[in-house]
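The structure appears below as structure tokens.
Predicted model, so just to flag it, every value in this text is computed and none were measured.
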Amino acid sequence: MELDKMDENDWKYHGEGNKSLVVSHVQLSRVLRLLKYPAEDSENPPQTAEQAFRQIQNIVDFSSNVMSSLLGEKFIHSGEVVKLPLEFVRQLSIKVQHQRPAWRCDKVMDIYSGCALCLPNLTSPALHQPTHIPPLCIEIKPKCGFLPSAKHVSREIKTKVCRFCMHQHYKVANGKWKRRSLYCPLDLFSGNRQRMHFAIRNLIEEPQNNFKIFKGGQCIYSSTEGTDDSLDLNSLLHHLRPYFLYGNNRINSHMTSKAVLNDFIQVLVNALLNGGGGVMTDRRAEGRSTCEESLFNKERIRHASQGLPSDSVLFRILQTQMLDSLDIEGLYPLYRRVEQHLQDFPKERTRLQIDGPYNEDFLGKLQKCPTEDDGSVDYAVAKVHQYRVAMTAKDCSIMVTLVPSSDEEEDDEGLFGQRRIRDFLSSRPPAFSYLISILDLDPKPFDSIPCQLRLDQKIVSYYLRNGGALPNGPLPPLPGIFTASERDDCRLLFHPV
């Protein structure tokens, strides 16, 4: 990619989040992530080009020096900061504007700094041997996979119902989503195949912004915030069917819709659990891995809890999330201790690395934090840094890229230098080479902690005020996937082993 010969016609709109917009190259397996500003700042950017460069470099440093050490280097793609020609950036902004969702247009793309983060396009990986069937890429935003300790929270409900499930009630009440998702992160992080299957099925039924499927770099399945658009499951099944041609429940290549979804979910569960290592089930406290809002029938698994392999992507994410050992309620007094110290000694902000740099010293501060509070500012800073890292892990995305492997291919390390996975439940299973990556690893600002506390209080108060009531009657399943009886008995969803 020659930066001095950039052409906006070589790039297309890929997606965007709250703070950045992403474009992908039409031929190369590359994406550019550009900053966004509020629309009212479009003519007066809130920061200089040098500050924008530093902001993006901080993202790279935080990912490569901090999160990579905690989550595992094999899962991380930190990327690099690039300086783009300003005319290219301006023309690109004009080109992608009409492709952006209307509800995202309250912010505009940064066209003044010329800075961007260049990353590999994991939805369309560069293959050594392109196959006739394009790769699938599944993006999952798993959220927080454990319940806080009762010692640090003021409301007992927080030790029984997870943050995600409580937040769903609040989001629907405020119109962010039209329907409540029945996905529970604690099911996905359980390591139990039945619970994980149940969790992914609920993500498919109500993906919101926690689940997307890409085929050959194109998004084929996702939700749109604030709308009541029905999801086209038949279209998804049409896309998935060619990937699962062999196995049980098929006659002359005919497959039921349920068989297609089951095989797809099973392959995804296998990929998430793959990684080797011993099985770990500890949550540091009894009962912290089960949420009372989950509709999974727990009687099905009372003698079959499995836990997560210690080298799996979910285990690494969960362990990093659990650096938040105090919950926001227990953390906030320590934040206030640091804030007061900084008001008295503003220059200490640099020594305490409140805004970076995110290097080995920063990592050392949070890893060497004493177990007991000695009343010092250094202890408080270490716990705040731990919390910020945990919040990044709670808000990250997992990308699972699956590339079909033919039976003729050698059983080697795969196209990505990773293992191949097979659906062991079938006689002639589909096989995939796969790559698992973790994205969205930006550092959370120190100054956002008061906002986190206020949001937590609003979510819990709303949930308690409304009794945490389940919807009146069962949520209607999407047409063509699961019947009402199948929603009640997840055993119907599995092939016999």
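- Remark: the K12 side chain and the S24 side chain contain no N/O donor-acceptor pair separated by less than 3.5 Å.
- Using a 4.5 Å cut-off on side-chain heavy atoms (C-beta onward), I111 and L86 make no contact.
- Looking only at distances, a side-chain donor or acceptor of S78 sits under 3.5 Å from a matching main-chain atom of S64.
- In summary, the side chains of Q452 and D456 do not present any donor paired with an acceptor at a separation below 3.5 Å, with no hydrogens or angles considered.
- In this structure, S63 contributes its side chain and I59 its backbone to no donor-acceptor pair below 3.5 Å.
- A donor-acceptor distance shorter than 3.5 angstrom exists from the side chain of D110 to the backbone of S113, with no hydrogens or angles considered.
- Of the possible donor and acceptor atoms, one in the side chain of Y221 sits under 3.5 Å from a partner among the backbone N and O of I204.
- Taking a cutoff of 4.0 Å between a charged side-chain nitrogen and a carboxylate oxygen, K95 and E8 do not qualify as a salt bridge.
- The residues E293 and R180 are annotated as salt-bridged, a charged nitrogen and a carboxylate oxygen being separated by less than 4.0 angstrom.
- The backbone N or O of N65 sits nowhere less than 3.5 Å from a side-chain atom of S69 that would complete a donor-acceptor pair.
- Between the side chain of E73 and the backbone N or O of S68 there is no donor-acceptor pair closer than 3.5 Å.
- Side-chain contact check for Q386 and Q367: no donor-acceptor pair (N or O, by modelled atom type) lies under 3.5 Å.
- Residue pairs meeting the salt bridge (charged side-chain N to carboxylate O under 4.0 Å, His left out) criterion with at least one partner in residues 393-404, sequence neighbours excluded, are K143-D395, D324-K394, D395-K444.
- Among all heavy-atom pairs drawn from L272 and M196, the shortest one is CB-CE, 4.1 Å.
- Nearest heavy-atom pair across V60 and G79 is CG1-O, 3.6 Å.
- Between the side chains of R193 and N270, at least one donor N or O lies within less than 3.5 Å of an accepting N or O.
- In terms of modelled atom types and a separation under 3.5 Å, the side chain of S29 and the main chain of N121 share a donor-acceptor contact.
- Of the charged side-chain nitrogens involved, none lies within less than 4.0 Å of a carboxylate oxygen, so that R30 and D10 do not count as a salt-bridged pair.
- For S397 (side chain) and K141 (main-chain N/O), no donor-acceptor pair under 3.5 Å exists by modelled atom type.
- The backbone N or O of R179 lies less than 3.5 Å from a partner atom in the side chain of Q208, making a donor-acceptor pair.
- Atoms CG and CZ, on L261 and R241 in that order, are 9.5 Å from each other to the nearest 0.5 Å.
- In this model, no donor atom of one side chain and acceptor atom of the other lie less than 3.5 Å apart for S190 and D187.
- Side-chain atoms of Y183 come within 3.5 Å of backbone N or O of P142 as a donor-acceptor pair.
- Using a 3.5 Å distance cut-off with no hydrogens or angles, the side chains of H239 and K215 do pair a donor with an acceptor.
- With no hydrogens or angles considered, a side-chain donor-acceptor pair links Q353 and N359 at under 3.5 Å.
- Applying the salt bridge (Lys or Arg N to Asp or Glu O under 4.0 Å) test to K212 and every residue at least two apart in sequence or in another chain returns nothing.
- Between Y358 and F362, the ring-plane angle classifies as perpendicular under the 30° and 60° cut-offs.
- For S235 against D232, the heavy-atom pair with the smallest separation is N-OD1, 3.0 Å.
- Atom CD1 in I213 sits 14.5 Å away from atom CD in Q218 (nearest 0.5 Å).
- Residues V403 and P135 come closest through the heavy atom pair CG2-CB, 3.7 Å.
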* To do: Evaluate side chain to side chain donor-acceptor pair (under 3.5 Å) for D61 paired with Q57, printing each intermediate quantity in order.
  => CA-CA 6 Å; D61 292 344; Q57 188 62 54; 3.0 Å; yes
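- Ring to ring, H14 and F214 are close: their centroids are under 6.0 angstrom apart.
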* Evaluate the side chain to side chain contact (heavy atoms under 4.5 Å, CB included) criterion for residues R195 and L186: first the C-alpha distance (whole Å), next the side-chain angles of each, then the deciding distance (0.1 Å), finally the verdict. => CA-CA 9 Å; R195 288 179 68 186; L186 273 64; 4.1 Å; yes
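- Identified under the salt bridge (charged side-chain N to carboxylate O under 4.0 Å, His left out) test for residues 13-28, with sequence neighbours left out: E16-K36, E16-R100.
- Salt bridge present: D442 and R33 bring a charged side-chain N and a carboxylate O closer than 4.0 Å.
- By the 6.0 Å contact criterion, CG on N44 is open, its count of non-hydrogen atoms from other residues, nucleotides or ligands being 12 or less.
- Checked by atom type, the side-chain pair E87/Q91 shows a donor-acceptor distance below 3.5 Å.
- Here the closest heavy-atom approach between residue G191 and residue L308 is recorded as CA-CD2, 3.6 Å.
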